[in-house]
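Heads up: the structure comes next, in structure tokens.
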Amino acid sequence: MSDALADTPSPVEVDCLIVGAGPVGLFAVFELGLLDIKAHLVDILPKVGGQCAELYPEKPIYDIPGFPSVSGQGLVDNLMQQIEPFGATFHLGQQVDAIEVLGTAEKPLFRVVTDAGTVFMAKTIAIAAGGGSFQPKRPPVPGIEGFEGSSVFYSVRRMDAFRDRDVMIVGGGDSALDWTLSLAPIARSLTLMHRRDEFRAAPHSVEQMRALVAEGKVNLVFGQITGLEGAAPALAGVTCRGLDNQPFTVPCDRLLPFFGLTMKLGPIAGWGLNLHENLIAVDTEKFETSVPGIFAIGDINWYPGKLKLILSGFHEAALFAQKAHRYVYPDKRLTFQYTTSSSSLQKKLGVS
Ligand code: FAD
């Protein structure tokens, strides 16, 4: 399976483009694969697994059929193993921005563009975008927008942008601690601020961070951001309020606030699909949207009685794949088969 950022020249021609690599997008690869439909997946996050991997990787899930208990990340790992035979291509760290309808209702064709400039020509699209795109929460600081992208960042795309800089990281979770450990060796100075002396990050990372503090390589302070200094977009410092309510300033020219993620519908709202309260309306036979050839499965869709459960998304993936087959292979007949008894399906799975 090619799981790196696919470095293919544009446009990429695909049978089915899956928007979102959460559990439902991943299982769709399996259902499509059984029907000989190759899938490419795009996800805004740098890793697969959607909410399971991003929001609750260690929490046990108790209502996946056949698994009395499986952690969020464990489920994602199992799905990745299950879809391995089908060689899906992942385009991670990219948001699908625009979809243009080129074909007809009988023979759909779509031009899809991501914010990284990747262009796809897709015969069908499955939107498995969950609650929409994860977006970083902004610290409630007036005027912060003017510094974003130049001095204030919510993720690290290029570590070199922080080399020989005075960096301030704010937060107490895994992202804040991981980047403290990675950037401390290359930054001119690095200050980590959290609102209390208790961290949610992995204990091992906290231990390593405390060792860097003891060596004088990281400056650890406690408090909250109150404002930014400097003429936007050039940051000169961050004003803060300490636990004792006293103000203090951290001189810095790069700020990385890690305040968690929220979910927003994002560009999906502009794709011309019928929506129902910010969700994509679909039928319950094929989970097709108001545009023939575009399907919506998992948390992003709506139909009467919809339950936002992983198992509902798995069911929807199985049914949409049947209709996708008709678009991708209009001249082939589709016969229903069980994986237990079909040698041709077992061959595709590499088990016979
Ligand atoms: P998601 O997991 O949300 O994945 C969608 C993906 O699409 C994301 O990775 C996102 O980055 C990507 N995306 C969105 N827009 C774009 C775009 N424009 N371009 C590119 N990528 C995009 N469900 C259960 O069944 N059982 C449980 O016990 C359970 N516990 C839960 C506990 C918590 C704390 C939470 C938050 C949820 C829980 N859920 C549970 C719900 C479950 O996680 C969701 O139903 C499931 O994740 C939906 O899967 P999905 O693939 O549809 O969407």
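A quick note: this is a predicted structure, and the numbers were derived from the prediction, not measured. One-based numbering, in listed order, for ligands and for the atoms of each.
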Heavy atom under 4.0 Å from ligand 1: found in Ala128's side chain, backbone, both, or neither?
backbone
Candidates Val42, Leu309, Leu261, Asp63; heavy atom nearest atom 26 (N) of ligand 1 found on Asp63
Numbered atoms of ligand 1 (with element) below 4.0 Å of Gly298, judged on heavy atoms
52 (O)
At under 4.0 Å between heavy atoms, which part of Glu54 makes contact with ligand 1: side chain, backbone, both or neither?
neither
Compare Asp43, Ile127, Val24, Ile268 and give the one whose heavy atom is closest to atom 8 (C) of ligand 1.
Asp43
Does Lys332 qualify as a cation-pi partner of Tyr329, given the criterion of NZ or CZ under 6.0 Å from the six-membered ring centre and within 45 degrees of its axis?
yes
Sub-4.0 Å atoms of ligand 1 with respect to non-hydrogen atoms of Gln94
20 (C)
Give me the one residue out of Tyr303, Phe320, Trp302 that meets ring-ring contact (aromatic ring centres under 6.0 Å, His included) with Phe287.
Tyr303
Give the atoms of ligand 1, by number and element, whose distance to some non-hydrogen atom of Lys308 is under 4.0 Å.
45 (O)
Relative to ligand 1, is Val19 under 4.0 angstrom through side chain, backbone, both or neither, heavy atoms considered?
side chain
Is there a path of hydrophobic side-chain contacts, each under 4.5 Å between heavy atoms of I, L, V, M, F, W or Y residues, that connects Phe295 with Leu102?
no
Run down the list Gly20, Gly132, Gly130 and name the one with the heavy atom closest to atom 14 (C) of ligand 1.
Gly132
So for atom CD, which belongs to Gln81, do other residues, nucleotides or ligands contribute more than 12 heavy atoms lying within a distance under 6.0 Å?
no
Going by the 4.0 angstrom heavy-atom rule, the piece of Ile44 near ligand 1 is both
Atoms in ligand 1 with a heavy atom of Ser133 nearer than 4.0 Å:
14 (C), 15 (N)
For atom 33 (C) of ligand 1, which candidate among Phe27, Tyr56, Trp271 holds the nearest heavy atom?
Tyr56
Option whose closest heavy atom lies nearest to atom 4 (O) of ligand 1, chosen from Ala317, Gly22, Gly72
Gly22
